[in-house]
Amino acid sequence: MTPLASSHSGLPPPRGIDVRLAIGAVAGWLAVIVGLGEAPTRVLAMGLLGAGAGVALLIAARHGPRFAAAAALAAFCVALVLIPLAARSARARDSPLAALARERAAMTATLTVSGDPRPLAATGPAGAPRVAVDAALRSITVGGREQPLRGSVLVLAPAAGWRDVLPGQRVRVDARLQPPLGHDLLVAVLSAESGPELIGRPPWWQRAAGTVRASLRVASSGLPALPRGLLPGLIDGDTSGLDPVLAERFRIAGLT
C-alpha cells in the first residue's frame, strides 16, 4: 500500500508498545518486597519520598525528556503501595495481640477463615498431617475475659477437623499464640492441637463453591497422587490436596 493510500484508509498510524503501566507495576511490586522487611516509619518515609519525587518528575515531564512521565508514574505507584503498607504494618506491630504472641499466651480465639486449609510438609505427633489456615481474628478470650481484636493470623493445626472448613466460616478454637516468623502483615501465629468449633455457616456463595470443589475432587480421585492434588488447583484454585513439596516448588518458580 502506498503512503497516499495509507493516509486515506482511515486507520490510525502504528504506535509503539506503551510500557509505562508495566514500569509502574514493577515499581510497586518491588516497593512492597522491600517494604515488608522495614520498620513502619521507614516505609512511610519511602512512600512520602516517592510521592514527592512523582510530583517533581511530573512537573519536569512537561518540558523535559519523555522518560520523566514514566518515572513519575513509577514514583506514584511506589507511594500508592507503601503509604497504606506502613499503616497496616504499624497496626500489626502495635496490636495487643502482638504482645501476647511474644509471651506465647494460651487463649481461645474467634476467627473467620479466609483461605483454604493448606497441607504442611511437617507432621505432628505420630505422623499426623497438619494444615495451615489463613484467618481473620475477631476476638480472643484470655483468663475468662473476652476482648475484640482484629488482625490477620495464621492457624497451624491438625488436618482432622480443619480440612473441610470453607472460607467465610466463623470458628472458635483453643490455641497458643506465637510471633510470626516472616516479615509480613501477620499479627500472630496460632498453634492449635484440636479441630475448630464451627459458628454458624459460611456464606451461600462459599457453600456453592465448596460443592463444586468437592465434586471436582471426587471426579479426580482416580488420578495418581500428584495430578490428583494439582488438577483442582489449576481449575478452581483448590489447593487443599496439593502436595506441600510441589506447592513449594511452584512458589519458588513464581507460579503460585
Side-chain angles (χ1 to χ4, degrees), residues 1 3 6-95 98 114-116 118 132 134-136 150-154 167 180-187 189 209 230 232-239 242 244-256:
M1 181 180 295
S6 175
S7 63
H8 293 286
S9 64
L11 297 176
R15 300 177 60 185
I17 299 176
D18 192 342
V19 297
R20 286 176 295 181
L21 290 179
I23 293 174
V26 170
W29 277 111
L30 291 176
V32 170
I33 293 173
V34 173
L36 284 175
E38 299 293 339
T41 52
R42 182 170 295 182
V43 175
L44 179 60
M46 290 189 296
L48 295 176
L49 182 62
V55 172
L57 288 167
L58 194 60
I59 295 174
R62 293 185 174 183
H63 307 288
R66 295 183 60 184
F67 71 85
L73 176 62
F76 282 128
C77 287
V78 168
L80 184 64
V81 298
L82 287 188
I83 293 176
L85 178 63
R88 291 192 61 186
S89 180
R91 188 165 60 247
R93 294 192 182 196
D94 296 338
S95 169
S114 55
D116 294 310
R118 307 184 302 275
D134 294 317
R150 297 290 187 270
S152 299
V153 297
L154 179 69
L181 296 178
H183 297 291
D184 48 31
L185 298 178
L186 286 178
V187 179
V189 174
L230 180 60
L234 293 174
I235 294 178
D236 58 15
D238 180 7
T239 59
L242 186 62
V245 176
L246 182 61
E248 179 64 13
R249 291 175 178 172
F250 271 101
R251 187 193 67 80
I252 294 173
L255 297 176
T256 52

(message) Checking Arg42 now: which residues fulfil side chain to side chain donor-acceptor pair (under 3.5 Å) with it, not counting sequence neighbours?
(response) Glu38
(request) Evaluate the side-chain proximity of Asp134 to Leu154: yes if any heavy-atom separation is below 4.5 Å, no if none is. (result) yes
(message) So which atom in Ala31 and which in Leu82 form the shortest heavy-atom distance, rounded to 0.1 Å?
(response) O-CD2, 3.4 Å
(request) Identify the two heavy atoms, one from Gly50 and one from Ala75, that lie closest to each other, and give their separation to 0.1 Å. (result) O-CB, 3.4 Å
(request) Kindly give the heavy-atom pair with the smallest separation between Gly24 and Cys77, and that separation in Å. (result) O-CB, 3.4 Å
(message) Please give me the minimum heavy-atom distance between Pro167 and Ser114, naming the atom from each residue.
(response) CB-C, 4.3 Å
(message) Quick check: do Val26 and Leu30 have side-chain heavy atoms less than 4.5 Å from each other?
(response) yes
(request) Evaluate the side-chain proximity of Phe76 to Leu57: yes if any heavy-atom separation is below 4.5 Å, no if none is. (result) no
(request) Report the C-alpha distance between Val81 and Trp29 in whole Å, list the side-chain angles of each, state the deciding distance to 0.1 Å, and finish with yes or no for side chain to side chain contact (heavy atoms under 4.5 Å, CB included). (result) CA-CA 8 Å; Val81 298; Trp29 277 111; over 6 Å; no
(request) Write down the atom of Ala86, the atom of Pro40, and the distance for their closest heavy-atom approach. (result) CB-O, 3.6 Å
(message) Return the CD1 to CG distance between Ile83 and Leu44, rounded to the nearest 0.5 Å.
(response) 6.5 Å
(request) Name all residues meeting the side chain to side chain contact (heavy atoms under 4.5 Å, CB included) criterion together with Leu49; count only those two or more places apart in sequence or in a different chain, and write none if there are none. (result) none
